Structure formats: C-alpha cells, structure tokens
Amino acid sequence: MEVGRLPISASQRGKLISAGYTTLSSLSSLSPSDLALGAQTAWDMLHEDEMFPRITTSCLDLDNVLGGGINCKEVTEIGGVPGIGKTQLGIQLAVNVQIPVDYGGLGAKAIYIDTEGSFMVERVLQIAEACIEDMTECNGLLRKDFQAGQLKMHPNNILENIFYFRVCSYTEQIALTNYLDKFISEHKDVKVVIVDSVTFHFRQDFDDMALRTRLLSGIALKLMKLAKEHGLAVVLLNQVTTKYIEGSFQLTLALGDSWSHSCTNRVILYWNGNERYAYIDKSPSLRSASAPYSVTSKGIRNSASNCKRIRMM
Amino acid sequence: MANKLIREIGLPKSIANIFAARNIVTAKDALSLTEFELMELLDVGWAEVTSAVAHISAIVCPPYQSALSLMEQRVQNEHLAGHLPTRLKGLDEALCGGIPFGVLTELVGPAGIGKTQFCLKLSLLASLPSSYGGLDGHVIYIDVESKFSSRRLIEIGAKSFPEIFLTKGMAQKMSGRILVWRPASLSEFTEREYEQGIPRQHPLGWHVSFIKSLAEFSRIPIVVTNQVRSQSRDEACQFSFQVQRWKETKEDQARYGSHLVAALGVHWAHAVTIRLVLEAKSGQRFLKVSKSPISPPLAFPFDITASGMSLLSDDGIDLTGPDINAIRSQGHSDIINFTGESLQ
C-alpha cells in the first residue's frame with residue numbers, strides 16, 4: 001500500500017517519500033530509531049506540523065513540489081490557461097481542508113469566493129463523495145493497524161462547510177476582502193479562502209490602469225494580513241494573457257507585473273504534451289519544479305502514467 | 001450593490017456629510033480609493049476612515065450561503081436542478097443533466113458544422129411544455145448572422161416531436177414562444193458610447209460581465225456561438241519557462257493538423273464556462289466537451305439529420321491532452337439545406 005494514502009499529515013508524508021519510503025512494506029521492517037536517523041525527532045516534527053499545517057491537493061507529485069501541500073499562513077496564486085483545472089483545484093482544496101485531523105487533514109472549513117460563476121455544485125458533490133470514499137477505503141484497510149474512528153462523514157456535511165460568496169463587480173470584491181476579517185473572526189474554523197478568479201472583474205472595462213494597480217495591491221496586502229493573522233491559506237486563481245517578450249508572444253499570468261510581486265507563492269498550470277503540469281514559478285521556500293497531475297471524475301489526482309511507475313517499485 | 005448610495009448605508013451623520021461634501025456618492029466611489037487616499041481627501045483620521053470603510057464593506061458585501069443550501073435551492077426550485085436537457089443522451093450525461101442554467105455555454109466550430117442547427121433544436125426544447133421535458137418558456141434568439149430559418153425550425157419540431165407538432169395549433173404556439181431579434185448593424189447590437197481617445201481595456205469587457213450577470217440572476221441557460229479563425233505563426237501558446245521547447249511544440253501542432261482556433265482570444269475563452277467544440281475530422285463530425293467544470297473531456301461523433309443533431313454514439317471517446325481544444329475542418333460537406341439533406 002502506498003504511503004501516499006496513509007492517514008498522516010501531508011508534510012510527514014512528504015518527508016517519508018523524499019527519504020525513499022513509498023510503500024507500507026518498506027516501512028514495516030524498520031524500527032522507530034531507523035526512521036529517526038537523519039530526520040528530526042518526532043517532537044520537533046509535531047511542533048512544526050502544528051505551526052504550519054498544509055492542505056493536500058490529493059495529487060502526490062503536486063504535494064511534493066509544494067512541500068507537502070498548500071501552505072497555511074501564506075497567499076498562493078495559481079494561474080493557467082482556460083480548461084487546465086484551476087477551478088477543479090480550487091474545489092479540491094475546499095473539500096480537502098475538511099479532511100478530519102485523524103486522517104491527516106485540518107478538519108476545517110472553507111470560504112469559496114466565486115467571481116465568474118464557475119462553481120458548479122454538482123462537481124463539488126462528486127469530489128466530496130470521492131474524498132469520503134478514499135477515506136473510508138483507507139479506514140477499512142488499516143483498521144487493524146491504527147485505531148482510526150469510524151468515518152461518519154456524509155458528502156452533505158462537506159458541502160455544508162463551504163461558505164460560498166458570489167461577487168459581481170470589483171467593488172463587491174473589495175468590500176468582501178474588507179469584510180473577511182470580521183467574518184473569519186466569527187467563524188474561526190475557516191482555514192482556506194479561495195478566490196476564483198481574482199482577475200475577472202479587474203479585466204473588464206477598467207479605464208484607469210494605475211487605479212487598478214493600487215486597488216489590486218490593496219487587496220493583496222489585506223489578504224496577506226488575513227492569512228498571517230488567522231493562520232489560514234489564501235488561494236487566488238488567475239487567468240492568462242499574452243505578452244510580447246524577447247521578440248515573440250508568450251503566455252503570462254494576467255493583472256500585470258506589479259501584481260506578480262504581490263503573492264507569496266505562484267504556481268502555473270500548463271499543458272506539457274498530453275499531460276497537465278504544475279510549475280512552481282515563485283516561492284520563498286520552494287524550489288522551482290514541475291509536477292504532473294490529472295483531473296479525473298474524483299477530482300485532482302496523480303497523473304496516470306506516474307501511478308504505474310510507483311506501483312512497480 | 002456597487003451603486004448603493006452612501007447616504008443610504010447608515011454611516012454616522014458626521015462622516016456621511018463629509019463623504020457627500022467631497023462628492024463621494026456611491027459605495028463604488030468610496031471603495032475605489034485606498035484608505036490613505038480617503039484620509040487625505042476627507043481630512044479625517046485613520047480610525048474614522050477604517051471604520052467607515054468597514055461599515056460600507058459590510059453592507060455592500062454579497063451575502064453568503066453554504067454550498068449545501070445552494071444545491072438544495074437548485075434541486076427544489078429548478079427544472080432538473082438547473083439543466084436544460086438536449087435530448088442527446090451522451091451529452092446530457094456528460095453535462096450532469098443538460099445545458100446548465102446561470103452560466104455561459106459556447107458552441108464553437110467552423111462554418112457549416114451544425115452550430116445553428118443545434119441552437120434551433122435547443123430553442124424548441126426550451127419552448128416545449130414540461131410534460132415533454134421542456135422548460136415551458138420563451139426563448140430570445142439573437143440572430144446576428146441572419147441564419148435563423150423558421151421553416152427549418154418547424155421541420156425539426158415536426159420530425160422530433162410529431163405527437164406535439166401535429167396537434168392543431170401547437171406548432172404555432174411553440175414557435176410563437178421564440179422571439180427572433182436581428183440587429184441591423186453592429187452598433188445597434190453593442191450600443192455603448194465609444195469614448196474617443198481612452199484606450200479600451202478590452203472591447204468586449206463590459207458585455208462579458210453583463211451577459212454573465214444576466215445568466216446568473218435570471219438563472220436561465222445562455223448559449224452563444226462563436227466562429228473560428230486560423231492560427232497565426234506568432235500565436236502565443238507557451239509560458240516563458242517553456243520557451244526552450246518551442247520547436248517541439250511547433251512540430252506537435254503540425255502533427256495535429258489543426259490550424260484553427262476559436263475567435264475572440266484567450267480572454268473570451270476564460271469567460272465562458274462551458275465550451276463545446278464542433279469539428280470535422282476525416283469527414284466525421286465530432287462534438288467535444290472542451291471546457292467544462294463538470295464533465296470529463298469527451299468527444300461524440302454526430303450527424304445532422306432532419307430532426308436536428310443526433311449522436312452516433314452515446315459513449316464519448318475520452319480525449320486526454322490539449323487535443324480536446326483542437327478544432328479541425330477536414331472534409332465535411334459544407335452546406336445543409338433546410339430540408340436536412342446535405343447537398344451532394
């Protein structure tokens with residue numbers, strides 16, 4: 001059984017895999033002191049996890065390049081061409097943040113701010129059902145080894161814990177950003193805020209570009225403050241536009257150069273041949289790397305070709 | 001909500017008067033300035049400005065609901081939880097019931113592939129009584145290219161729903177619910193004063209926002225058709241970190257044999273929620289679910305018959321990779337006359 005499906009926190013999983021332990025059988029023959037060699041003590045790891053929990057994306061490779069998952073306390077921008085899976089990733093994160101602590105998640109709630117109307121409840125239900133299925137399967141396989149409690153979650157519980165806001169203009173977007181602080185103080189178990197997409201209302205009919213830059217940096221600062229103070233993850237989804245660089249037109253994320261400085265982390269989703277890839281474009285703590293992922297009926301999952309490779313090991 | 005007047009928000013009188021004196025009338029005016037700018041403009045302290053802005057924001061902010069209540073609302077109040085069935089089994093399954101309400105669905109493909117035929121069928125389906133699976137409603141058909149054919153519409157109706165259409169007066173009643181509007185010129189259609197000299201951010205910007213809000217608030221399906229254009233050599237299709245693989249991509253494109261892309265660019269591609277690509281590959285027409293938050297990337301072979309569009313297979317072909325977005329025009333017969341037979 002793959003380590004990727006064990007009910008441990010995302011950052012612990014990341015550490016085990018980078019040390020070369022990818023299956024349960026590879027771990028079973030080791031003693032605790034073997035694992036501790038070259039790693040931190042369990043106490044330190046526990047502290048670090050408590051301080052910086054991460055939200056899994058349900059794709060092992062993607063979690064790895066993200067250092068375990070989407071980081072709380074930081075603003076992560078995710079951009080890509082239409083149809084690459086930005087909304088899918090947003091919905092997956094809104095569901096995954098609710099994974100109970102016993103299963104390596106945060107057991108928290110999500111805020112989904114929809115500026116484009118791409119939030120389809122049918123899809124959220126599909127992804128929620130698949131998430132519960134995976135957890136139940138995990139529960140069934142490991143009940144002898146771990147004292148995991150019986151899973152009592154229903155997909156409707158997951159839908160209940162996603163707070164949905166529909167924003168129709170940039171004024172409402174600014175107002176909502178201002179109001180979030182108060183809202184989150186009243187709902188302290190929210191640990192992720194997803195804005196899908198932050199771009200839409202700022203690309204329509206803005207005559208004064210300097211004003212747009214000022215408003216966007218205002219929003220970015222407020223969101224960074226929100227992330228830091230409440231210890232939650234802010235995920236901003238962005239669109240692409242074309243830019244003339246070095247003699248040719250290239251794709252780049254929208255909202256301009258000033259905005260590209262505003263977010264702490266920047267992930268670009270793109271097509272590489274027939275596969276979807278995520279590239280860490282900018283991050284203070286993560287190396288630039290690409291990871292393949294796929295969008296399935298269950299949501300974001302590992303890329304199919306990679307799955308085969310891991311199984312062979 | 002953006003145009004809510006400051007004087008109706010219920011701010012303390014003193015600060016409300018200062019806003020009025022400085023000609024900040026709506027919430028939009030107030031929130032378009034940063035707190036520092038407001039402090040400077042209104043000549044009041046930081047604490048006062050932040051509390052006023054917080055108050056305005058709380059009022060203007062849209063209400064929230066849980067995803068569960070959103071779903072329950074739709075299931076209770078709307079036809080098939082907010083879908084217009086197309087009667088194409090494979091497509092309806094892929095779209096979780098049919099063309100969804102409240103979002104933009106786009107049909108894009110080369111000329112003569114069947115976009116207008118599909119639209120005619122959809123208009124009929126929407127006007128049918130609910131006992132026959134329709135929405136029992138009116139349809140606004142904006143016919144920019146003057147392709148609407150009422151004769152063809154009646155033919156599709158008679159062939160697809162003979163039991164309804166052959167009943168006396170039903171054909172008139174159903175087609176009477178479809179309002180066709182033919183704008184005489186482009187300016188009549190866009191109708192927005194063109195301000196000279198100010199560079200427009202995007203020529204379609206306002207319209208995209210408006211049509212999406214309209215779909216959202218009225219909770220109706222909005223379907224648009226789009227044309228194709230050929231892809232230029234300079235087409236942007238890669239990010240800067242991918243540049244070293246430029247030559248490989250050019251070869252890939254040649255292999256796909258696709259030199260057509262949807263018109264209106266990547267901005268419009270982002271704005272539509274669902275994109276259905278109609279293409280012809282080696283003489284066979286395909287309907288591809290190119291962009292959809294609720295469907296897997298499937299391609300269905302189809303034909304245009306007397307009763308509209310029909311799928312040749314309800315099990316779509318799974319297309320991984322960017323091929324789902326490719327638009328080809330290889331060898332379909334171009335003209336279909338309104339009796340449904342293709343001209344040889």
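Below, chain A is the first sequence line, B the second, and so on; all start at residue 1. None of these values were measured; they are calculated from a predicted model.
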If you tally heavy-atom pairs under 4.5 Å between each of R275(B), E35(B), Q65(B) and chain A, the highest tally belongs to Q65(B)
Side chain from CB out, backbone as N, CA, C, O: work out which of these in P296(B) comes under 4.5 Å of a heavy atom of chain A, or both, or neither.
-> neither
Under 4.5 Å from any heavy atom of chain A - which part of A269(B) = both
Part of H55(B) lying under 4.5 Å from any heavy atom of chain A = neither
Examine whether an atom of L125(A) lies under 4.5 Å from a heavy atom of chain B, and if so say whether it belongs to the side chain, the backbone or both; otherwise answer neither.
-> side chain
Geometric cation-pi criterion, K212(B) with F200(A): 6.0 Å, 45° | yes
Taking the inter-plane angle between the rings of Y270(A) and F241(B) on a 0 to 90° scale, is it parallel (under 30°), tilted (30 to 60°) or perpendicular (over 60°)?
-> perpendicular
Given M120(A), E160(A), Q239(A), R214(A), the one with more heavy-atom pairs under 4.5 angstrom with chain B than any other is Q239(A)
Proximity breakdown for S297(A) and chain B, heavy-atom pairs closer than 4.5 Å = neither
Contact winner vs chain A - G102(B), S213(B), S32(B), heavy-atom pairs under 4.5 Å | S32(B)
Could you tell me which portion of V103(B) (side chain, backbone, both or neither) has an atom closer than 4.5 angstrom to a non-hydrogen atom of chain A?
-> side chain
In Y164(A), Y179(A), Y112(A), F183(A), the residue satisfying side-chain contact (heavy atoms from CB on, under 4.5 Å) with Y64(B) is F183(A)
Select one option (side chain, backbone, both, neither) describing which atoms of L176(A) are under 4.5 Å from chain B's heavy atoms.
-> both
So which of H270(B), E216(B), K291(B) has the biggest tally of heavy-atom pairs under 4.5 Å with chain A?
-> H270(B)
Over all heavy atoms of both residues, which pair between N274(A) and P322(B) is shortest? Give the atoms and the distance, please.
-> OD1-CD, 3.7 Å
State, to 0.1 Å, how close L269(A) and F239(B) come at their nearest heavy-atom pair, and which atoms those are.
-> O-CE1, 4.0 Å
Portion of P100(B) that has a non-hydrogen atom of chain A nearer than 4.5 angstrom = side chain
Measure distances from L211(A) to the heavy atoms of chain B and classify the residue's part below 4.5 Å as side chain, backbone, both or neither.
-> side chain
Given that the side chain runs from C-beta out, which part of K109(A) has a heavy atom under 4.5 Å from chain B: side chain, backbone, both or neither?
-> neither
Write down the atom of F165(A), the atom of C61(B), and the distance for their closest heavy-atom approach.
-> CE2-SG, 4.3 Å
Max heavy-atom pairs within cutoff under 4.5 Å with chain A, candidates A27(B), S292(B), S66(B), goes to S66(B)
Listed by number, the residues in residues 67-76 of chain B that come under 4.5 Å of chain A (heavy atom to heavy atom) are A67(B), L68(B), L70(B), M71(B), R74(B)
Which bit of Q88(A) comes within less than 4.5 Å of chain B, counting heavy atoms only: side chain, backbone, both or neither?
-> side chain
Output the distance between atom CD1 (I294(B)) and atom CD (Q126(A)), rounded to the nearest 0.5 Å.
-> 8.5 Å
Proximal component of Y279(A), with respect to chain B [non-hydrogen, under 4.5 Å] = side chain
